[in-house]
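Data first, discussion second: the structure below is written as structure tokens.
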There are 2 protein chains.
Amino acid sequence: MARERKFSTDELFQATKELLLSHGYEAFTFSLLADSLQVSRGALYKYYENKEELITNYYFYEMDQYLLKLKQIDLHQGFEAQFNYLLNLMFSYSDIQKLIKIGQRVPDHEEKFKTLHTDMYQYLQDFVELGKKEGKLKRDLPNNLILGYIFQSVAIPNHADIPHPVWVSSIKEIICHGMFINN
Amino acid sequence: MARERKFSTDELFQATKELLLSHGYEAFTFSLLADSLQVSRGALYKYYENKEELITNYYFYEMDQYLLKLKQIDLHQGFEAQFNYLLNLMFSYSDIQKLIKIGQRVPDHEEKFKTLHTDMYQYLQDFVELGKKEGKLKRDLPNNLILGYIFQSVAIPNHADIPHPVWVSSIKEIICHGMFINN
DNA sequence: CCTTAAAGTGACATGAGTGTCACTTTTGAA
DNA sequence: TTCAAAAGTGACACTCATGTCACTTTAAGG
């Protein structure tokens, strides 16, 4: 009954992601997106009323996928295994941290994004509590700081091009045991 | 001989800083800046040809001040004292990290900003090396990771509103000895 | 008092993104 | 074959930031 679409929702979101990462929120335009999808600008308005609505939708799509991955942490037994899983996840989805920062710029939606962020942290409280119960994590550290450190570590710029495996194991070393030599 | 200026360079840079932090690079406009200074847009063009030139100038001004503070690290004797000085500096100038990120968006100047960033790191190599020589810092950790880790820590969002002193001492604990209990 | 240089103003042309809409194209079902 | 629903197009009116420029205002020196 209807004509075939020139682009799928997945393609649209993929293009949105690339443009958001390369241009930022303010410089992201429907023109750019239309060009990238080789479609007219008007066509996009058939699906989304404006850039804000599009990006909000895209974010929920992206975050759903991410949370799904995050929830798989429960498939791992014991804190140590969960910790390793989480750290690897961070590195394979390192774009997400950048996207979250960009997403906080969407007007009127700072609240929504803050909530999403908080939810994510909330969800991982169990993981941190497990670590504390198992006597692995220091009890006096705020849970949110522990999570913040794990999330932020993927954002440290590797300007000196240290080989990835060395970089990752060094980060793990610092997170777990710090940069100071014990005495 | 000349008419009195309605705003000083310091006022202009202060307003620029506030607008950059609140609106980001792409949404920063001469109109906004002119309004903020209660001056006509045209007046700004007497001093800077465009937004890029203005922001570049502002950045060099800001970074000069910051580097000056950074260099005062040498006034402290021994690694431990320097480490404490650096950490306090990070927290009192926490806007700088955000500004650096925003600055990386200025077109054609990513190179310049990357250089500036690298220079800053370069300048602190001595500090890290001192820590390693004094047997305080783990020798096998890449210097840039140690610095990056210290810089990033001020960017961790304190959504749960942990009291500042607790927050800071917890961060120091993690940086120095990690989040794991030793066994 | 008058001149002059710098500061500041406001209007103009330009270019780009926005949102809309009448119109065309495609497609499958009747 | 026809036709209706959904996809897609491109032009239009609108808004807003940009950069320029002729003009006005100010203030100090001659």
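Treat the numbers as computed from the prediction; the structure is a model and nothing was measured. Residue numbering restarts at 1 for every chain, and letters A, B, ... go by the order of the sequence lines.
To the nearest 0.5 angstrom, B:Ile100 atom CD1 is 6.5 Å from B:Tyr66 atom OH. One distance of note links CG of B:Leu130 with CZ of B:Phe79; it measures 7.5 Å at 0.5 Å rounding.
When ring centroids are compared, B:Phe91 and B:His164 come within the 6.0 Å threshold. In this structure, the ring of B:Phe28 has its center no less than 6.0 angstrom from the ring center of B:His23. The aromatic ring centres of A:Tyr121 and A:Phe151 sit less than 6.0 Å apart. No close placement of the A:Phe13 and A:Phe60 rings is indicated, their centers lying 6.0 Å or farther apart.
Distance A:Arg3 CZ to D:dA4 P: 19 Å, rounded to the nearest Å. Rounded to a whole Å, the CG atom of B:Leu44 is 14 Å from the C1' atom of C:dG10. Here the P atom of nucleotide C:dG10 and the CG atom of B:Asp35 are 12 Å apart, to the nearest Å. Whole-Å rounding puts the B:Tyr48 OH to D:dT18 P distance at 16 Å. The separation between B:Glu11 atom CD and C:dG8 atom C1' is 15 Å, rounded to whole Å. Here the P atom of nucleotide C:dG28 and the CZ atom of A:Arg5 are 16 Å apart, to the nearest Å. The interatomic distance linking B:Lys46 (NZ) with D:dT20 (P) rounds to 12 Å, in whole Å.
Residue-level contact check: B:Tyr47 touches the backbone only, with heavy atoms under 4.0 Å from sugar-phosphate atoms and none from bases. Backbone-only contact: A:Phe7 has heavy atoms under 4.0 Å from sugar-phosphate atoms and none from a base.
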Atom pairs, N/O to N/O, protein against nucleotides 12-20 of chain C, distance under 3.5 Å?
unit_1: C:dT18; atom_1: OP2; unit_2: A:Phe30; atom_2: N; d: 3.3
unit_1: C:dG19; atom_1: OP2; unit_2: A:Tyr45; atom_2: OH; d: 3.1
unit_1: C:dG19; atom_1: N7; unit_2: A:Arg41; atom_2: NH1; d: 3.0
unit_1: C:dG19; atom_1: O6; unit_2: A:Arg41; atom_2: NH2; d: 2.7

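The side chain of A:Val39 lies closest to D:dG8, out of D:dG8, C:dG8, D:dA27.
When only modelled atom types and interatomic distance are considered, A:Glu129 and A:Gln125 share no side-chain donor-acceptor pair under 3.5 Å.
At the phosphate of D:dT9, OP1 or OP2 sits under 4.0 Å from a side-chain N or O atom of A:Lys6.
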